[in-house]
Amino acid sequence: MSDFGHADDGMEGLLRRLEEAAGRMHDACAALKKVGPKGLGTKGLDAACHHFQDNWHDGIKRIAKGSKQIHGALQETSKEFVTYEHGLRQGFTAR
């Protein structure tokens with residue numbers, strides 16, 4: 001047994017949370033669509049609410065996209081690390 005190791009449990013948890021983040025961001029976008037800026041008061045207040053909603057919708061979409069990209073890259077890195085680690089273990093195993 002070598003002293004080398006990979007934090008599989010931690011990595012799996014991080015990957016799961018990143019995958020869930022994109023879903024939560026899409027849920028947030030859906031919730032924002034249900035909240036209408038019309039009829040809250042003055043035209044200025046309605047316009048400000050609409051602007052706020054547009055900005056948050058864009059930001060949420062960017063967060064979801066970024067978390068998906070990070071998830072994919074981290075998943076690939078984890079796979080490569082496990083392959084590399086396996087090779088190292090074999091290299092240090094007594095013959």
Checklist entry - For the residue pair His26 and Lys68, what are the closest heavy atoms and their distance? => result NE2-NZ, 4.2 Å
Next on the checklist: Quick check: closest heavy atoms across His71 and Leu15, and the distance to 0.1 Å?
Outcome noted: CD2-O, 3.0 Å
Checklist entry - Does the side-chain contact (heavy atoms from CB on, under 4.5 Å) test come out yes or no for Leu14 and Leu18, once each step is laid out? => result CA-CA 6 Å; Leu14 177 58; Leu18 280 169; 4.3 Å; yes
Checklist entry - How far does CD of Glu76 sit from NZ of Lys79, to the nearest 0.5 angstrom? => result 6.0 Å
Item to check | Pairwise distance CZ(Arg16) to CD(Glu20) - rounded to 0.5 angstrom | outcome: 6.0 Å
Item to check | Spatial distance of atom CG (Asp27) from atom CD1 (Ile60) [nearest 0.5 Å] | outcome: 10.0 Å
Next on the checklist: For the backbone of Leu74 and the side chain of Ser78, can you confirm whether one donor and one acceptor N or O come within less than 3.5 Å of each other?
Outcome noted: no
Next on the checklist: Looking at Arg89 and Glu85, is any side-chain nitrogen of the basic one under 4.0 Å from a carboxylate oxygen of the acidic one?
Outcome noted: yes
Next on the checklist: Distance alone, cut at 3.5 Å: any donor-acceptor contact between the side chains of Gln90 and His86?
Outcome noted: yes
Checklist entry - In Å, rounded to the nearest 0.5 Å, how long is the span from CG of Leu88 to OG1 of Thr83? => result 11.5 Å
Next on the checklist: I need the minimum non-hydrogen distance between Arg17 and Arg24, along with the two atoms involved.
Outcome noted: O-NH2, 4.3 Å
